[in-house]
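Remember, predicted model here, so these are calculated numbers, not experimental data. Labels below follow one simple rule: chain letters A, B, ... track the order of the sequence lines, proteins then strands, and each chain is numbered from 1.
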Amino acid sequence: MKPFAYHQPNQIPDAARLLTSIEDSKLVAGGMTLIPTLKQRLANPPALIDLSKLGNLKGITDDGATITIGAMTPHAVVAASKLVQTKLPGLAALASMIGDPAVRSRGTIGGSVANNDPAADYPAGVLGLGATIVTSTREIAADKFFLGLFETALEPGEIIAAMRFPVPLKAGYAKFKAPASRYALVGVFVAKFADGVRVAVTGAGPGVFRVPPMEAALSENFDPSAVAAIKIDNDGLTSDIHAEADYRAHLVTVMAKRAVDAALS
Amino acid sequence: MGNVIGIGAAPKRKEDQRFLTGRGNYVSDIKRPGATAGVFVRSPHAHAFLRSIDKSAALAAPGVIAVLTGDDVRADGLGSLPCGWGISDAKGVPMKEPPFPMLAQGKVRFVGDMVAFVIAETPEQANTAAELLNVDYDVLPSVVGVLEAVRPDAPQLFDDVPNNICCDWELGDKAAVESAFRKAAHVAKLSLVNNRLIGNPMEPRAAIAEYEPGTDRFTLWTTSQFPHVVRFLMGALVLNIPQHKLRVVAPDVGGGFGVKQFHYGEEAVITWAARRVMRPIKWVASRSEGYVSDRHGRDHVTEAELALDETGKFLAFRVNTLANMGGYLSTFGPNIPTNLYGPLLGGVYTTPAIYCNVKVVFTNTVPVDAYRGAGRPEATFVLERIVDVAAAEMGIDRVEIRRRNMIPKEAYPYQTPVLVQYDSGDPMGCLDGALAAADVKSFGIRKAASASKGKFRGLGYSTYVEACGLAPSRFAGRLGARGGLYESATVRVHPTGQVTVMIGTHNHGQGHETTFAQIVSDKLGVAFDNVDIVFGDTDRVQFGMGTYGSRSLVVGGAALSKATDKVIAKGKKIASHLLEAAEVDIQFEAGKFSVAGTDRMKTFEQIAGAAYVPHNYPLEVLEPGLEEQAYYDPVNFTYPGGCHIAEVEVDPETGTVTLVNYTAVDDVGTVINPMIVEGQLHGGIVQGVGQALFENAVYDESSGQLLSGSLMDYCMPRADHMPMMKVATHSTLCTHTPMGVKGCGEVGTIGSPAAVINAVVDALSHLGVTHVDMPATPNRIWRLLQNASLPVAAE
Ligand SMILES: Cc1cc2nc3c(=O)[nH]c(=O)nc-3n(C[C@H](O)[C@H](O)[C@H](O)COP(=O)(O)OP(=O)(O)OC[C@H]3O[C@@H](n4cnc5c(N)ncnc54)[C@H](O)[C@@H]3O)c2cc1C
């Protein structure tokens, strides 16, 4: 990696100011994604702005109808949280399936969501639960946040502070791990709310997406059989050395069934 | 002081003390004063003319000391990287052997081919300068697959290698095979691919070179499995450095699997460069760099046919293979798919006629060479798969067809029709042992239980034999080896009776420091803790061919055994003098020299003391000192083998194959340390399972880019992929090695891929599936099931 300056601000506004004033500077959270790209010289930022000393970015709070998770909360903390396990069971399970123990101890929910890797798990949970992304400047609905391959609605200089999740009646996540990386080859998050069901898919395409026919069917009948016959179109799905598009499409159906199963158990 | 720990005991490994406490000494741990950092610039193109290289920007970058290219190599008149084997075609025409320059000259032939070496004060500076190097490529069409490479219109890698064929090799009696096929009641046919693999030792390759002007000596520290061979090949054939002016050290090495048993261009470049810049240089490969420069393994496309009579007896076997060599010939490259492949096609069966044709083919990929098993897993896979295909087609049970064709124990030594003569073995005994250990009897119950969960369960067998203990030099010489394949050991007894062994093999995870110490402890009656094993340094060890081909115990251990015998023989002479008895009356047992039938004796320490303080000593007839050396050249290969049984469960919904049981009963001859043997089998089996289910080196067909270029895309087997394995030995003793040993380093990797794939095919056979190529990935299985138009039960 190339040399860079290192900043460790204490307040979000300071971090935001550094980020806008130093051209090409980068925020670093857990560093699990960013540091490897620096080592491979795929990114060469002149400065890193470490978020770990910002107050209030870590931790999980119960607001009754919603649960708020600070952006700097590591995956392992989410996975082990009794609160998340009871109120957002699918999300705790999702966090426990990310990477390995070292990655779960360092990697953060904010970093994962900001990065929006097409095979990352959290985007499925955030979109599936219809969370709100709270940033340094505004609030963004999950439906408006993920814009495809590594693209998000974040503006330059904008920092994710927290994720606010509405508490569902039931929720489950099923992940078919990519053989080598163990990211999601296909991951499906389902969440049942009083006013309907949300289904979000990660890994299958260039970005996380919802599946309206499955949502409609599950709103009628929240049971694995409701989605068993629903096939999604191969068009636009990813084909690579691990899985062809039609296989990914097939897995969406299988994982949707299993996610509903998980939500019901 | 500790105790004697002898042959058959299972002490904890001596070397693990330093490994587990972080005190290993690997190449990248070594710090030399004034060291600089070297970085290789590699071709991003699979095939291109190298028009020009503009060094100016790189040379102007901060900290840069030198930038070297192929032109500098040529100007210094250096040699090409040598190939250690020269094979010939059926008419005796030698293989095509184009030069393999240590830095590319004129052309690059694979992604990762080296075009320049940048030396700077720090690795960061060297990396920055490397990015500034301006290389002008004229990109050419490339070819990565063997089937495509031999087509008449394929891109040609070398002007003088038509159709990219290095050698059209054959073995066996073609006419006898043809006539047997004419008489056959049944012919089974199989087309298969043996997938390309990347070795992935835990420690990436690394090297440090230093030139000492005061003595005009070079030292190269390198992650090598055979430092003396590197000294010979590099010193004598590439850099023209006299052997006595070149020291090669391979200290602790973190795994090799074959990947580190070649002489690499990086070693030659860095050694040559160290004198040019008159400072030590260190290079440590990144994992990504390893993927495009460590030699790859396997990569065959094969058509096989087995002729049988009406009872299922094998009459003849015919195999046609295209073997990928990559862009250049690596150290052992052409030997692997020929001499280590064809002679194993007899397997454990009495097939009377075998013919094998192998076209060895150049492509725009990383050079292919030996990887754990090397040729023998490929042979075993073809044979053990086609046996299953034949059994299914003829309606004969898979175990029964094997029994009908197996070489009976009494028939050993057994001469095969493909050169090799097996000295010993009991394949039927291994099969029976494995059937019992795997509880094959109750497989039906387990299959029904899987079926009730909507899963398909299958059982697969592999009854195999391999050839290792490389190698009898004279025999190897006839096959094209350009060097000897013996091993050497020196046993140095110190005046106080402790022992240091200098041996030419190299320990990089196998536990030699323990196994060899047990041999010495056993034979000399010296405490296990009083024996140290030294290896991996051409200045400390007399000579050696290194470690590969399951040869260390078989060949190196034999040299050690012989040298130890010489120590005992000399000790008896000294004892006969001290005890005033005839030499024939001196017995040596449990560390004591005694006069037969008396209580007069001298301990081993006393004899050692007398040898070094020769006051009362037969100096007229015997030299003082107690140090003996032996070289051992084996008279034959050794032939470990056995029976592996894999049991898998397939989830038809996702195509996922889960290995649920694994049983191996192997004949490895005498077992020195059962714990280490078990560990070798475990590791070998996991690597074979990796090939069968997970690992695949994939190149993009149009660009020649390696798509599986990192651990994110190249799937290594992991602990949670494996069930608890049942591993046992059923040994017959090798008749020609001193201790009856056969070797165990590669058996697991050789036996297992066929067992696993046979199990997968068995699980899916009710759907008409007759073959599955490796790796049996979920996508591949799902695709097969789609094509079988499986009515997946909706649960
Ligand atoms: C071996 C390995 C396996 C993995 N397996 C999985 C897996 O199975 N599933 C999975 O989903 N992920 C996986 N990951 C990724 C892991 O979850 C990362 O932790 C995550 O993608 C990034 O989080 P981070 O905190 O490390 O972010 P960093 O690497 O620090 O940052 C990532 C990016 O996000 C930006 N960023 C970080 N925080 C914020 C913020 N608060 N506001 C705005 N921008 C921000 C950074 O500037 C950077 O561009 C794996 C990673 C590794 C190394």
Exercise. State which residues pass ring pair (Phe, Tyr, Trp, His ring centres under 6.0 Å) with B/H300; sequence neighbours excluded, sorted by chain then number.
Key: B/Y341
Quiz item: Does a side-chain heavy-atom distance below 4.5 Å link A/R258 with B/E653?
Solution: yes
Quiz prompt | Under 4.5 Å from any heavy atom of chain B - which part of A/R248 | solution = neither
Quiz item: What part of A/D240 is in contact with chain B, defined as an atom under 4.5 angstrom from a non-hydrogen atom: side chain, backbone, both or neither?
Solution: neither
Exercise. Could you grab the distance from atom CG of A/N44 to atom OG1 of B/T128, nearest 0.5 Å is fine?
Key: 8.5 Å
Quiz item: Tell me, side chain or backbone of B/R718 under 4.5 Å from chain A's heavy atoms, or both, or neither?
Solution: side chain
Quiz item: Who in residues 703-712 of chain B is close to chain A, using a strict under-4.5 Å heavy-atom cut-off?
Solution: B/L707, B/S708, B/L711, B/M712
Practice problem: Side chain from CB out, backbone as N, CA, C, O: work out which of these in A/K39 comes under 4.5 Å of a heavy atom of chain B, or both, or neither. | Solution: neither
Quiz item: Relative to chain B, which of A/Q40, A/R41, A/E244 shows the most heavy atom pairs under 4.5 Å?
Solution: A/R41
Quiz item: Under the side-chain contact (heavy atoms from CB on, under 4.5 Å) criterion, do B/T656 and A/F176 qualify, and how do the steps go?
Solution: CA-CA 10 Å; B/T656 305; A/F176 191 85; 3.2 Å; yes
Quiz prompt | For chain A, the option from B/T777, B/D713, B/V698 that forms the most heavy-atom pairs under 4.5 Å | solution = B/D713
Quiz item: When only pairs under 4.5 Å are counted, which of B/H721, B/E124, B/M716 shares the most heavy-atom pairs with chain A?
Solution: B/E124
Quiz prompt | chain A contacts, top residue of B/S286, B/P123, B/P778, B/G655 (heavy-atom pairs, under 4.5 Å) | solution = B/P778
Exercise. Tell me, yes or no, whether the heavy-atom count around A/R210 atom CZ, taken from other residues, nucleotides or ligands under 6.0 Å, exceeds 12.
Key: yes
Quiz item: What is the distance from atom CD of B/Q786 to atom CG of A/D246, rounded to the nearest 0.5 Å?
Solution: 7.5 Å
Practice problem: Starting at OH of B/Y714, measure out to CD1 of A/I241 and round the result to the nearest 0.5 Å. | Solution: 11.0 Å
Quiz prompt | Main-chain N/O of B/T654 paired to A/H250 side chain as donor or acceptor, under 3.5 Å | solution = no
Quiz prompt | B/N127 (side chain) donor-acceptor with A/M1 (main chain) under 3.5 angstrom | solution = no
Quiz item: With only heavy atoms counted, which part of A/Y247 is less than 4.5 Å from chain B, the side chain, the backbone, both or neither?
Solution: both
Practice problem: May I ask you to decide whether A/K2 forms a salt bridge with B/E131, counting only side-chain N to carboxylate O separations under 4.0 Å? | Solution: yes
Quiz item: Are B/D720 and A/K177 ion-paired here, with the side-chain N under 4.0 Å from a carboxylate O?
Solution: no
